[in-house]
Amino acid sequence: MLLLEGRIERDWVDYNGHLNVAYYHMAFDRATDVFLQRIGLGPDYVESHAGSMFALEDHLVYLHELREGEPFRITLQLLDWDSKRVHYFQRLVHGEKDFLSATCEHLSTFVDMKTRRSAQLPAATRSILGDLFEEHRHLAKPEQAGRVMGIRRA
């Protein structure tokens, strides 16, 4: 599922001449906002129904640098979901050369904004997620998904 396309902006580049860590997070977060809109949980829903998604965990993997002005796109693969939580995987890819620059594995939960506690996802969102999961369930699990961080020793 294509979520976002753009170009690396000058302000996003650090003193190493490539996309700064914070802006990888920002790009993935912007793509998440598009995803939430598509599953019916955009800003309008949050305002009118007092429910929203909260991040529980992110795991970013940096593979190849991107530089100022280079095009990019972010896609999403739904890995799993239940009545309260959504687990998905995003890929940041160079927009012309098609190499994988970074990945973000994300787990979030739906929250009732009045109680600030997890709650059941709205029925319409569960329906959309169910359909999307049927589309994605047969896709190969991404190599970077579920990775454990640490120093590998021989």
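Here the side chains of T75 and L92 are not in contact, with every heavy-atom distance at 4.5 Å or above. Using a 4.5 Å heavy-atom cutoff, the side chains of P122 and L41 are in contact. For the pair V86/L121, a side-chain contact is recorded, criterion being any heavy-atom separation below 4.5 Å from C-beta on. Looking at Y88 and T32, their side chains come closer than 4.5 Å, going by heavy atoms from C-beta outward. The closest side-chain heavy-atom distance from H94 to S101 is not below 4.5 Å. In this structure the side chain of M1 reaches within 4.5 angstrom of the side chain of L132, judged on heavy atoms. Contact check for L100 versus R91: side-chain heavy atoms found under the 4.5 Å cut-off. Here the side chains of T125 and F110 are not in contact, with every heavy-atom distance at 4.5 Å or above.
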(request) For side-chain contact (heavy atoms from CB on, under 4.5 Å), just list the numbers for V13 and I8, CA-CA rounded to whole Å, side-chain angles, deciding distance to a tenth of an Å, and then say yes or no. (result) CA-CA 8 Å; V13 175; I8 304 303; 3.9 Å; yes

(message) With side-chain contact (heavy atoms from CB on, under 4.5 Å) as the criterion, how do F35 and I74 come out once you've worked through the C-alpha distance, each side chain's angles and the decisive distance to 0.1 Å?
(response) CA-CA 11 Å; F35 174 61; I74 297 176; over 6 Å; no

(request) Check the pair R116, F54 against side-chain contact (heavy atoms from CB on, under 4.5 Å), reporting the backbone distance first and the verdict last. (result) CA-CA 10 Å; R116 308 295 277 197; F54 279 26; 4.0 Å; yes

(message) One pair to check against side-chain contact (heavy atoms from CB on, under 4.5 Å): S52 and V111. What are the steps and the verdict?
(response) CA-CA 5 Å; S52 187; V111 171; 5.7 Å; no

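Remark: F133 CZ to W81 CH2 distance equals 9.0 Å, nearest 0.5 Å. For the atom pair NE2 (H106) and CD (Q90), the distance works out to 7.5 Å, reported to the nearest 0.5 Å. Of the inter-residue distances, the one linking L60 atom CG with Q144 atom CD reads 11.0 Å to the nearest 0.5 angstrom. For the atom pair R38 CZ and L129 CG, the distance stands at 13.5 Å (nearest 0.5 Å). Rounded to the nearest 0.5 Å, atoms NE2 (H59) and CZ (F89) are 9.5 Å apart. With values rounded to the nearest 0.5 angstrom, M53 atom CE is found 12.0 Å from K84 atom NZ.
Both F72 and V21 are part of a single hydrophobic cluster, where members link through side-chain heavy atoms under 4.5 Å apart. Side-chain heavy atoms closer than 4.5 Å link hydrophobic residues (I, L, V, M, F, W, Y) into clusters, and following such links, possibly through other members, connects L4 to L19. L76 and V93 are members of different hydrophobic clusters when ILVMFWY side chains are connected at heavy-atom separations under 4.5 Å. Linking Ile, Leu, Val, Met, Phe, Trp and Tyr whenever their side-chain heavy atoms come within less than 4.5 Å puts L66 and Y62 in one cluster. Follow the hydrophobic side-chain contacts under 4.5 Å out from L2 and you never reach L139; the two are in separate clusters.
Counting only distance, with no hydrogens or angles, the side chain of H49 and the backbone of G51 share no donor-acceptor pair below 3.5 Å. Side chain of D14 to main chain of N16: a donor-acceptor pair is present (N/O by atom type, distance under 3.5 Å, no hydrogens or angles). Put simply, the side chain of S127 never gets that close to the backbone of A123: no donor and acceptor are under 3.5 Å apart. Checked by atom type and distance alone, the side chain of H136 pairs as donor or acceptor with a backbone atom of L78 at under 3.5 Å.
The two residues K114 and A50 come nearest to each other via the heavy atoms CE-CB, 3.9 Å. Of all non-hydrogen atoms in A31 and L3, the two that sit nearest each other are O-CD1, 3.4 Å. Between S108 and A55, the shortest heavy-atom distance links the atoms CB-CA, 4.1 Å. In this structure, P142 and Q77 approach most closely via the heavy-atom pair CG-OE1, 3.6 Å.
The residues R67 and E65 are annotated as salt-bridged, a charged nitrogen and a carboxylate oxygen being separated by less than 4.0 angstrom. Ionic pairing of R85 and D82 is present here: one or more N-O contacts between side-chain nitrogen and carboxylate oxygen are shorter than 4.0 angstrom. The existence of a salt bridge linking E5 and R73 is excluded, since no basic side-chain nitrogen approaches an acidic carboxylate oxygen closer than 4.0 Å.
Ring geometry for W12 versus Y23: interplanar angle under 30°, hence parallel rather than tilted (30 to 60°).
Tested against E105, the residues L79, D58, V61 include a single side-chain contact (heavy atoms from CB on, under 4.5 Å) partner, L79.
Residue E143 places its CD atom among 12 or fewer non-hydrogen atoms of other residues, nucleotides or ligands, all under 6.0 Å distant.
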